[in-house]
There are 2 protein chains.
Amino acid sequence: MADQTPSGENLLFLTDEQLRKGIEAMFFAYRGFTADPDRILEGMDYGRAHHRAVHFIHRSPGTTVSNLLTILGVTKQSLNRVLRTLIEEGLVEARVGRRDKRERHLHLTTKGQELERVLSDAQRARMRAAYRAAGPQAVAGFRQVLEAMMDPELRRQYQGLKESGA
Amino acid sequence: MADQTPSGENLLFLTDEQLRKGIEAMFFAYRGFTADPDRILEGMDYGRAHHRAVHFIHRSPGTTVSNLLTILGVTKQSLNRVLRTLIEEGLVEARVGRRDKRERHLHLTTKGQELERVLSDAQRARMRAAYRAAGPQAVAGFRQVLEAMMDPELRRQYQGLKESGA
DNA sequence: CTTGGAAAGTCAACATCGCTGACATAACTT
DNA sequence: AAGTTATGTCAGCGATGTTGACTTTCCAAG
């Protein structure tokens with residue numbers, strides 16, 4: 001940015017040292033990111049996997065098991081174990097599809113919505129504090145870098161969520 | 001909110017919807033962040049925990065087990081299992097402390113450095129691509145938000161690494 | 001020199017959450 | 001009727017985290 005080559009930017013932000021710092025920042029920040037929900041969930045019968053399922057069912061009500069499998073990137077056996085407990089304990093309702101009766105459309109019950117809110121409140125509170133501390137311009141950059149870091153297929157999933165969720 | 005309160009910024013970036021998108025961005029980006037090393041490690045006898053240990057030993061050669069425990073935030077039993085295999089297979093050397101012979105100072109062997117390089121090359125390649133795509137200003141914002149998201153104690157650990165590693 | 005406590009290592013047991021493989025059921029599609 | 005898809009389930013395994021209890025080593029303080 002200070003000089004004028006064709007690819008004219010200052011590339012100091014691409015040094016190995018800068019990249020390593022970015023890697024470590026991701027590591028430590030992700031710990032913070034999951035810390036609050038983890039604390040809330042410990043003691044309940046649930047874990048991080050339940051949180052993720054509840055989050056995305058909240059985000060896309062009526063989504064199918066297949067959809068959720070794609071978004072979460074786990075095996076159906078792994079997801080099934082989680083969904084089963086959520087359904088048994090009345091947090092999630094699985095409605096048989098009208099058009100295709102093989103499909104299960106997933107919805108949060110009132111109880112499920114309550115858990116989602118508690119978890120999401122905690123996570124958003126941390127996010128909000130970080131956003132506020134860093135400012136809107138930093139937030140825009142944060143989102144840009146994270147999007148660029150995703151696998152293309154996951155980026156599409158993510159962007160699909162953005163549209164439907166807006 | 002496009003108006004002029006004393007703390008007069010546009011606060012649209014703090015809506016729940018924006019925060020949720022940030023949360024999902026972290027989730028999907030972290031998947032990408034760990035994908036390449038995970039792929040490399042699968043098939044070897046090692047996993048993500050080994051990667052983390054190797055990374056931070058590389059970053060702070062001669063660090064003690066206690067130090068590493070603090071940075072990684074796991075129990076000594078969990079770390080010990082990882083370190084034992086790394087030492088057995090000749091990737092890490094544990095030197096008894098000179099001043100305090102109870103301490104083990106950890107170093108990567110040549111073989112350990114090789115693995116570190118392979119993993120780190122892959123992870124940095126993704127990071128570099130993301131940084132390049134987003135640009136230096138976005139990177140600065142990315143780092144600011146991540147730092148603000150860390151637990152204070154972890155932020156100190158992170159900043160300590162920055163200094164010593166520069 | 002003895003004792004207390006810190007650092008490290010080890011053993012056993014367990015929980016969560018990934019995985020594979022195999023199989024069953026139901027229902028849509030051709 | 002046959003093939004495919006979506007889902008569910010059982011059994012078993014692996015990686016990585018946890019607690020609790022215990023030992024060994026060794027510095028440091030009395």
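Computed over heavy atoms, backbone and side chain alike; hydrogens, waters and symmetry mates excluded. Letters A, B, ... are given to chains in the order of the sequence lines, protein chains preceding strands, and every chain is numbered from 1.
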Undergrad: Between C/dC28, C/dC17, D/dT16, spot the one nearest the side chain of A/A49, thanks.
TA: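 That would be C/dC17.
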Undergrad: Does the side chain of A/R104 get closer than 4.0 angstrom to OP1 or OP2 of D/dA6 through an N or O atom?
TA: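 No.
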Undergrad: Nearest whole Å is fine: how far is C/dT16 P from A/H50 NE2?
TA: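 That distance rounds to 8 Å.
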Undergrad: Can you measure A/E42 atom CD to C/dC17 atom P for me and round it to whole angstrom units?
TA: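 After rounding, the gap between these two atoms is 12 Å.
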Undergrad: Looking at A/T109 and A/G90, what are the two nearest heavy atoms and their distance?
TA: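 Reported closest heavy-atom pair: OG1-O, 2.6 Å.
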Undergrad: Look at atom CD of B/Q77 and say whether more than 12 heavy atoms of other residues, nucleotides or ligands are closer to it than 6.0 Å.
TA: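 Counting other residues, nucleotides and ligands, CD of B/Q77 exceeds 12 neighbours.
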Undergrad: CG of B/L83 versus P of C/dG9: gap in Å, rounded?
TA: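 Computing the B/L83:CG to C/dG9:P distance gives 8 Å.
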Undergrad: Inspect the contact between B/R156 and B/E147 and indicate whether a charged nitrogen and a carboxylate oxygen are less than 4.0 angstrom apart.
TA: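 Looking at B/R156 together with B/E147, the answer is no, because their closest N to O distance does not fall below 4.0 Å.
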Undergrad: Take the protein atom CG of A/N67 and the nucleotide atom P of D/dA6, then report the distance between them rounded to whole Å.
TA: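 Nearest whole value for this atom pair: 10 Å.
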Undergrad: For the side chain of A/S78, starting at C-beta, report the closest nucleotide among C/dC17, D/dT18, C/dA8.
TA: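 Selected nucleotide: C/dC17.
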Undergrad: Closest to the B/K76 side chain: D/dT9, D/dT16, C/dG9?
TA: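 Closest nucleotide to the B/K76 side chain: C/dG9.
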Undergrad: Identify which nucleotide among D/dG8, C/dA8, C/dC17 has an atom closest to any side-chain atom of B/S66, counting heavy atoms from C-beta outward.
TA: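 Closest of the options to the side chain of B/S66: C/dA8.
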Undergrad: So, for B/F28 and B/F33, is the gap between ring centers shorter than 6.0 Å?
TA: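 For B/F28 and B/F33, the ring centres are not under 6.0 Å apart.
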Undergrad: Can you say whether a donor on the side chain of A/R102 sits under 3.5 Å from an acceptor on the base of C/dA26, or the other way round?
TA: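 No such pair is found, so the answer is no.
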Undergrad: Regarding B/R52 and B/E116, does a basic nitrogen lie under 4.0 Å from an acidic carboxylate oxygen?
TA: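 Looking at B/R52 and B/E116, the cut-off is not met.
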Undergrad: Figure out the CZ/P separation between A/R48 and D/dT16, and round it to whole Å.
TA: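 The answer, rounded to whole Å, is 14 Å.
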Undergrad: For C/dC19, take OP1 and OP2 only and decide whether either is under 4.0 Å from a side-chain N or O of A/T75.
TA: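 Yes.
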Undergrad: In whole angstrom, what separates B/L79's CG from C/dT10's C1'?
TA: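 The answer, rounded to whole Å, is 14 Å.
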Undergrad: With a 3.5 Å cut-off and heavy atoms only, can you find an N or O donor on one side and an acceptor on the other between the side chain of B/R81 and the base of C/dG9?
TA: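 No, no donor-acceptor pair under 3.5 Å.
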Undergrad: Mapping A/L69 and B/V74 to their closest nucleotides on DNA chain D, which lands nearer the 5' end?
TA: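 Nearest-nucleotide comparison on DNA chain D picks A/L69.
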Undergrad: Does B/N80 make a side-chain N or O approach to OP1 or OP2 of C/dT10 shorter than 4.0 Å?
TA: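 B/N80 to C/dT10 OP1/OP2: side-chain N or O found under 4.0 Å.
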Undergrad: With distance as the sole criterion, do the side chain of B/K101 and the base of D/dT25 form a donor-acceptor contact below 3.5 Å?
TA: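 Per atom types, no contact qualifies.
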Undergrad: Here's a test of your reading of the structure: between A/M44 and A/R99, which maps to the more 5' nucleotide of DNA chain C?
TA: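 By nearest-heavy-atom nucleotide position, the 5'-most residue is A/M44.
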Undergrad: I need the CD-C1' distance between A/E103 and D/dA6, as an integer number of Å.
TA: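 Taking atom C1' of D/dA6 as the reference, CD of A/E103 is at 7 Å.
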Undergrad: Does B/F27 have its ring centroid less than 6.0 Å away from the ring centroid of A/Y30?
TA: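 Between B/F27 and A/Y30, the centre distance exceeds or equals 6.0 Å.
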Undergrad: Report the nucleotide, chosen from C/dA8, C/dA27, C/dC11, that has the shortest atom-to-atom distance to any side-chain atom of B/Q77.
TA: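 Of the candidates, C/dC11 comes closest.
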Undergrad: Specify the separation, in whole Å, of atom CG of B/L86 and atom P of D/dA15.
TA: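 Rounding to the nearest Å, CG of B/L86 and P of D/dA15 are 13 Å apart.
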Undergrad: Which listed nucleotide (D/dG17, C/dG9, C/dA27) is nearest to the side chain of A/D100?
TA: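 The listed nucleotide nearest to A/D100's side chain is C/dA27.
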